[in-house]
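Note that the structure is predicted; figures quoted are calculated from it, not measured.
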Amino acid sequence: MGLILPISKCSTLSTKRLGARRFKITSSWNPGFNHCSVGDRAMAKLRDRWMEFQGIKNWEGLLGHLDDDLRKEILRYGKFTFPNLASSRSSWISYVAVCDDAKEIVRLWRRDVVIAYRGTTTSSEWLENFRATLSCLPDNITTPDENYDQPMVQSGLLSLYTTNTQCDQSLQDTIREEISKIVDKYSDEPLSITIAGHSLGAAPATLTACDITTKFSNAPIVSVVSFGGPRVGNKSFQCQLEKSGTNVLRIVNSDDPVTKVPGFVIHDDIDDVAERGTTHVASTRMPSWLQKCMEDTQWVYAEVGKELRLSSKGDIATCHDLKTYLHLVTLVKNVQL
């Protein structure tokens, strides 16, 4: 299929056009290493800890001094989002890969399903991304909770994910159909769903995870691994993700401006604001009326999940490149949390 990814025997199960977008489903991947070289000790470690690496404990104790096995998993998921998936003219935005390589399933101790999103490439997608105000999530993606305000996400993102055309169903409907088939087919074995995205592809990755955990009561562990993604939604959206058990790991380059937009964030801890050193955050140590006015502008976002913060040391030219992110993950030892 000509994909520069760790996929050696992918066969297309189905292809669906989504208007100007396309969604592709592949059946398997081979990570391209010698399985026989994997020692029993390493296999046992992954068996015992794979749910930790998927965020079941919110990656506690794994990020301050980046765990080497977690590092390998982050890099593996990062390679699924490589831009070589599609040229700048491509309409492909996402694909699903289901592992059916027997040795890889043994190594991972489960069947891993990966939904990968590329970054923005087309002009229409860039226009959607400029719609940075917040819009309410539709009822079919929310879990009603009287303790929280209405969950909201970036308007362009919501449009990209939920819009149907005259000829094609939405990205949301297509993903739901495929996940339903996968969950039913592999209901009798360990399964994980990991959604990976780079750049503006990280935003629909997060929304997809929210949708899956809301729609499917029988969903397996669902995790997001994002690289250089923008903000997605408001505080109530953050709370819904946490309540649903969705695990989100955001890999952030502190020099990357994309991770500081859209809108601004109100933090509870003023020390956290000082540490981040950005004008795009504010502290809740302000008059309540002012905070309410800011929230009413529909520009107040909240950071979601757990953050792995890295730094390319001021290299602005390449700070957002996926290769830079994977290089930083490869080299990093102690990181800023």
- Is a side-chain donor-acceptor pair under 3.5 Å present for Asp100 with Tyr186? no
query = With the 4.5 Å side-chain cut-off for hydrophobic clustering, are Leu108 and Trp59 part of the same group?
reply = yes
- Task: Say whether, by atom type as modelled, one donor and one acceptor occur between the side chain of Ser199 and the main chain of Gly201 under 3.5 angstrom.
- Result: no
- Query: Are Leu134 and Val258 connected in the hydrophobic side-chain network, where two residues link if heavy atoms are under 4.5 Å apart?
  - Reply: no
Exactly one candidate in Glu303, Arg309, Lys260 meets side chain to side chain contact (heavy atoms under 4.5 Å, CB included) with Val252; the answer is Arg309
Could you tell me if the side chain of Leu207 sits less than 4.5 Å from the side chain of Gln154, heavy atoms only?
no
Are any non-hydrogen side-chain atoms of Thr81 and Val225 less than 4.5 angstrom apart? no
Go through it in stages, so that I can follow the logic: the residues are Ser192 and Trp50, the test is side chain to side chain contact (heavy atoms under 4.5 Å, CB included), and I'd like the CA-CA distance, side-chain angles, deciding distance and then a yes or no. CA-CA 10 Å; Ser192 63; Trp50 74 264; 4.0 Å; yes
| Is Ile105 reachable from Val114 through a run of hydrophobic residues whose side-chain heavy atoms are each under 4.5 Å from the next? | no
Those residues at least two apart in sequence (or on a different chain) that pass salt bridge (Lys or Arg N to Asp or Glu O under 4.0 Å) with Asp211 are Arg176
So, His198 side chain and Asp321 main chain: donor-acceptor pair closer than 3.5 Å or not?
no
*Residues Lys235, Gln238; criterion side chain to side chain donor-acceptor pair (under 3.5 Å); working and verdict*: CA-CA 5 Å; Lys235 181 69 174 180; Gln238 177 197 60; 2.7 Å; yes
*asked:* Please evaluate residues Asn140 and Gln172 with respect to the criterion side chain to side chain contact (heavy atoms under 4.5 Å, CB included), reporting the C-alpha separation (whole Å), side-chain torsions for both, the decisive distance (0.1 Å), and the verdict.
replied: CA-CA 11 Å; Asn140 65 355; Gln172 177 190 31; 3.8 Å; yes
Review point. Quick one: do Val113 and Ile93 end up in the same hydrophobic cluster if we chain Ile, Leu, Val, Met, Phe, Trp and Tyr together by side-chain heavy atoms under 4.5 Å apart?
Key: yes
The side chain to side chain donor-acceptor pair (under 3.5 Å) partner of Gln54 among Arg110, Glu73, Arg49 is Arg110
> When you measure from the side chain of Ser94 to the backbone N and O of Ala116, does any donor-acceptor pair fall under 3.5 Å?
Replying inline: yes
Under a 3.5 Å distance rule, please check whether Asn247 uses its side chain to pair with a backbone N or O of Lys306 as donor and acceptor. no
| task | Begin from the C-alpha positions of Ile251 and Leu328 and carry the test side chain to side chain contact (heavy atoms under 4.5 Å, CB included) through to its verdict. | result | CA-CA 10 Å; Ile251 292 85; Leu328 291 174; over 6 Å; no
Any side-chain to backbone donor/acceptor pair from Asn58 onto Glu60? Under 3.5 Å, distance only. no
Test item: Ser236 side-chain N/O and Asp149 main-chain N/O as donor-acceptor pair under 3.5 Å: yes
To the nearest 0.5 Å, atom OG1 of Thr213 lies from atom CG of Leu241 at 7.0 Å
_Could you check whether Thr324 and Ser312, counting side-chain N and O atoms only, form a donor-acceptor pair closer than 3.5 Å?_
no
Donor-acceptor under 3.5 Å (Thr208 side chain, Pro204 main chain): yes
- Query: So, does Arg111 use its side chain to make a donor-acceptor pair with the main chain of Cys99 at under 3.5 Å?
  - Reply: yes
Angle between ring planes, Tyr95 versus Phe80, binned at 30° and 60°: parallel, tilted or perpendicular? tilted
ask   = Does some side-chain heavy atom of Tyr301 sit less than 4.5 Å from a side-chain heavy atom of Pro262?
value = yes
Worksheet item: If we only count heavy atoms from C-beta on, is the Val304 to Val224 side-chain gap below 4.5 Å?
Response: no
_N/O donor-acceptor pair under 3.5 Å between Thr163 side chain and Leu160 backbone_ = no
Between the OG atom in Ser223 and the CD1 atom in Ile195, the distance rounded to the nearest 0.5 Å is 8.5 Å
Just by distance, no angles: are the side chains of Gln169 and Thr174 close enough, under 3.5 Å, to form a donor-acceptor pair?
yes
When you compare the side chain of Val153 with that of Leu137, does any pair of heavy atoms fall below 4.5 Å? yes
Would you sort out whether Leu62 and Phe53 count as a side chain to side chain contact (heavy atoms under 4.5 Å, CB included), showing the intermediate values? CA-CA 8 Å; Leu62 299 177; Phe53 298 152; 4.0 Å; yes
Separation between CD1 (Ile212) and OG1 (Thr246), nearest 0.5 Å, reads 9.0 Å
Looking only at heavy atoms, the pair that brings Tyr77 and Ala196 closest together is O-CB, 3.8 Å
Of all heavy-atom pairs linking Ile74 and Phe227, the shortest is O-CZ, 3.5 Å
Residues Asn253 and Thr259: closest non-hydrogen pair is O-OG1, 3.9 Å
* Taking atom CG of Asp139 as the centre, does the number of heavy atoms from other residues, nucleotides or ligands within less than 6.0 Å exceed 12? -> no
* Does the side chain of Leu310 come within less than 4.5 Å of Leu331's, by heavy atoms? -> no
| Can you tell me if Asn164 uses its side chain to pair, donor with acceptor, with the backbone of Ser170 under 3.5 Å? | yes
**Asked** Is there side-chain contact between Ile141 and Pro151, with heavy atoms separated by less than 4.5 Å?
**Response** no
Minimal heavy-atom distance between Asn234 and Val300, with the atoms involved, is CB-O, 3.8 Å
Side chains of Thr214 and Gln240 in contact at under 4.5 Å (non-hydrogen atoms): yes
